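Input: a single structure, listed below in C-alpha cells.
Remember, predicted model here, so these are calculated numbers, not experimental data.
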Amino acid sequence: MAARVDHAVISGTFSLDGQTYEVDNNLWVVGDDEECLVIDAPHDVEAILALVGERTVRAIVCTHAHDDHVRVAPELRLATVAPILLHPDDKPLWELTHTDDLWDVDLHDGQELSVGGTVLRVLHTPGHAPGAVCLYAEELGCVFTGDTLFHGGPGATGRSFSDADLILESIQDKLFVLPDDTVVHTGHGEDTTIGAEKSLQPNG
Ligand SMILES: [Zn+2]
C-alpha cells in the first residue's frame with residue numbers, strides 16, 4: 001500500500017508580539033491506510049482527526065512552535081497517544097503557548113522519520129523560527145516547508161525569534177539543493193515547486 005499525502009485547510013488565529021491575526025493553516029497528513037504522521041497541529045483537533053480517519057497516528061511533527069502550528073498539539077496527543085516532535089531550538093516559542101506541557105521527542109537535522117513505507121528526512125532550516133524544520137519526502141517527490149518557504153518566497157521574519165539572513169541561508173543550503181520538480185507543501189497558502197521558487201531568487 002503506497003504512502004500518500006492528505007491535506008486540509010484549518011482556520012484560526014496566530015498571536016505573537018502582542019498582535020493577533022486571522023490565519024488559514026495547511027494541515028498535511030502523510031501515511032498509508034494503516035498509519036500516518038500529522039504535520040503540525042493547527043487550531044482544531046476534530047478537523048485534524050477527520051483527516052486522519054481510522055489510521056494510527058505515529059507522531060505529531062511540528063515544523064516550528066508558532067501558536068497556529070502547535071496550539072492543539074497536546075490535545076491531539078491526548079486523543080491519539082502519539083508523541084509530539086519538535087526541534088529543541090523552538091523551546092522559547094513553545095513556552096509562549098504551552099507553559100506546563102512539553103513536547104516528547106527532539107527533532108534534529110538529518111533525522112529520518114518512517115511511516116507507511118516511506119521516509120521523511122528532517123532538514124533544520126532556522127530563520128522564520130530558530131527551530132524551524134522542513135520534512136523532505138524524497139520518494140513522494142515533495143517537501144513540507146512549514147513557514148520557511150511559501151509560494152512566492154521565504155516566510156516572514158519580521159517578528160521576535162526570526163532572522164532574515166538565516167532564513168535565506170537555510171533555503172539556499174537545505175531547500176534549493178533538492179530537485180527542481182520537488183513539490184513544496186507549505187504551512188499557509190498554495191503549493192509551489194523548488195524550481196519555481198529558485199527562479200524568483202536574484203541569485204538562484
Ligand atoms: Zn510561523
Side-chain angles (χ1 to χ4, degrees), residues 9-29 37-45 47-48 57 59-80 82-111 113 120-136 143-150 153-175 184-189:
V9 177
I10 306 182
S11 302
T13 61
F14 162 56
S15 300
L16 191 61
D17 297 339
Q19 285 177 299
T20 296
Y21 312 83
E22 301 283 327
V23 283
D24 293 331
N25 283 64
N26 289 323
L27 170 67
W28 303 103
V29 173
L37 296 179
V38 174
I39 301 176
D40 291 332
H43 312 303
D44 181 344
V45 168
I48 298 169
V57 177
I60 302 156
V61 188
C62 303
T63 60
H64 63 298
H66 280 153
D67 66 349
D68 55 325
H69 296 256
V70 302
R71 192 183 295 109
V72 302
E75 210 182 316
L76 183 62
R77 172 173 58 190
L78 266 183
T80 60
I84 300 170
L85 281 54
L86 177 73
H87 194 287
D89 288 357
D90 257 16
K91 189 162 192 272
L93 281 169
W94 175 272
E95 288 174 339
L96 293 177
T97 305
H98 299 298
T99 46
D100 41 40
D101 236 339
L102 275 180
W103 67 97
D104 303 288
V105 179
D106 286 348
L107 291 172
H108 58 85
D109 191 59
Q111 186 175 358
L113 308 173
L120 278 72
R121 193 164 83 236
V122 176
L123 311 172
H124 182 212
T125 51
H128 176 72
V133 300
C134 297
L135 302 163
Y136 178 44
V143 61
F144 301 89
T145 55
D147 292 358
T148 293
L149 183 64
F150 290 131
T157 49
R159 303 187 189 93
S160 300
F161 303 104
S162 286
D163 185 320
D165 292 332
L166 199 51
I167 198 173
L168 295 179
E169 205 176 294
S170 290
I171 290 169
Q172 203 66 242
D173 295 351
K174 299 284 181 61
L175 297 179
V184 176
H185 294 310
T186 63
H188 306 272

Evaluation steps, side-chain contact (heavy atoms from CB on, under 4.5 Å), between His43 and Val23 = CA-CA 10 Å; His43 312 303; Val23 283; 3.9 Å; yes
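The two residues Pro42 and Val72 make their nearest non-hydrogen contact at C-CG2, 4.1 Å. Heavy atoms only, all atoms of each residue included: Asp90 and Ala65 are closest at OD2-N, 2.7 Å. The nearest pair of heavy atoms linking Thr20 to Ser15 is OG1-OG, 2.7 Å. Nearest approach of Cys62 to Leu107, heavy atoms of both residues: O-CD1, 3.9 Å. Considering every non-hydrogen atom in both Ala73 and Trp94, the closest pair reads CB-CH2, 4.4 Å. The two residues Thr157 and Gly127 have their closest heavy-atom pair at CG2-O, 3.8 Å.
In this structure, Asp17 CG and Phe161 CZ are separated by 8.0 Å, a value rounded to the nearest 0.5 Å. Atom CG of residue Asp109 and atom SG of residue Cys134 lie 10.5 Å apart, to the nearest 0.5 angstrom. How far NZ of Lys174 is from CD of Glu169: 9.5 Å, rounded to the nearest 0.5 Å. The line from CH2 of Trp103 to CZ of Arg77 is 11.0 Å long, rounded to the nearest 0.5 Å. Distance check, rounded to the nearest 0.5 Å: CG of Asn26 to CG of Asp147 gives 9.5 Å. Note that CG of Asp44 is 6.0 Å distant from CD1 of Ile10, once rounded to the nearest 0.5 Å.
At distances below 3.5 Å, not a single donor-acceptor pair connects side-chain atoms of Asp101 with backbone N or O atoms of Pro74. The closest donor-acceptor contact from the side chain of His128 to the backbone of Gly146 lies at 3.5 Å or more, if one exists at all. One N or O on the side chain of Asn25 and one on the backbone of Asp68 form a donor-acceptor pair closer than 3.5 Å. No donor-acceptor pair under 3.5 Å is formed between the side chain of Asp163 and the backbone N or O of Pro126. Side chain of Asp104 to main chain of Ile84: a donor-acceptor pair is present (N/O by atom type, distance under 3.5 Å, no hydrogens or angles).
At a threshold of 4.5 Å between non-hydrogen side-chain atoms, the residues Leu16 and Tyr21 do not count as touching. By the 4.5 Å heavy-atom criterion applied to side chains, Ile171 and Thr148 are counted as neighbours. Side-chain contact check for Arg71 versus Thr13: some heavy-atom pair is nearer than 4.5 Å. For the pair Leu135/Arg121, no side-chain contact is recorded, criterion being any heavy-atom separation below 4.5 Å from C-beta on. Residues Ser162 and Ile167 fail the side-chain proximity criterion, which asks for heavy atoms closer than 4.5 Å. The shortest side-chain heavy-atom distance between Pro130 and Leu93 falls under the 4.5 Å cut-off. At a threshold of 4.5 Å between non-hydrogen side-chain atoms, the residues Leu113 and Leu85 count as touching. Side chains of Ile39 and Thr63 form a contact here, defined as non-hydrogen atoms less than 4.5 Å apart.
A tilted orientation is assigned to the rings of His66 and Phe14, their planes being inclined by 30° to 60°.
Under the side-chain contact (heavy atoms from CB on, under 4.5 Å) rule, Ser170 has a single partner from Val133, Leu175, Leu149, Thr125, which is Thr125. When each of His69, His185, His188 is checked for a ring-ring contact (aromatic ring centres under 6.0 Å, His included) with Trp28, only His185 meets the rule.
Legend: residues meeting side chain to side chain donor-acceptor pair (under 3.5 Å) with Thr99, ordered by chain and number and at least two apart, are absent.
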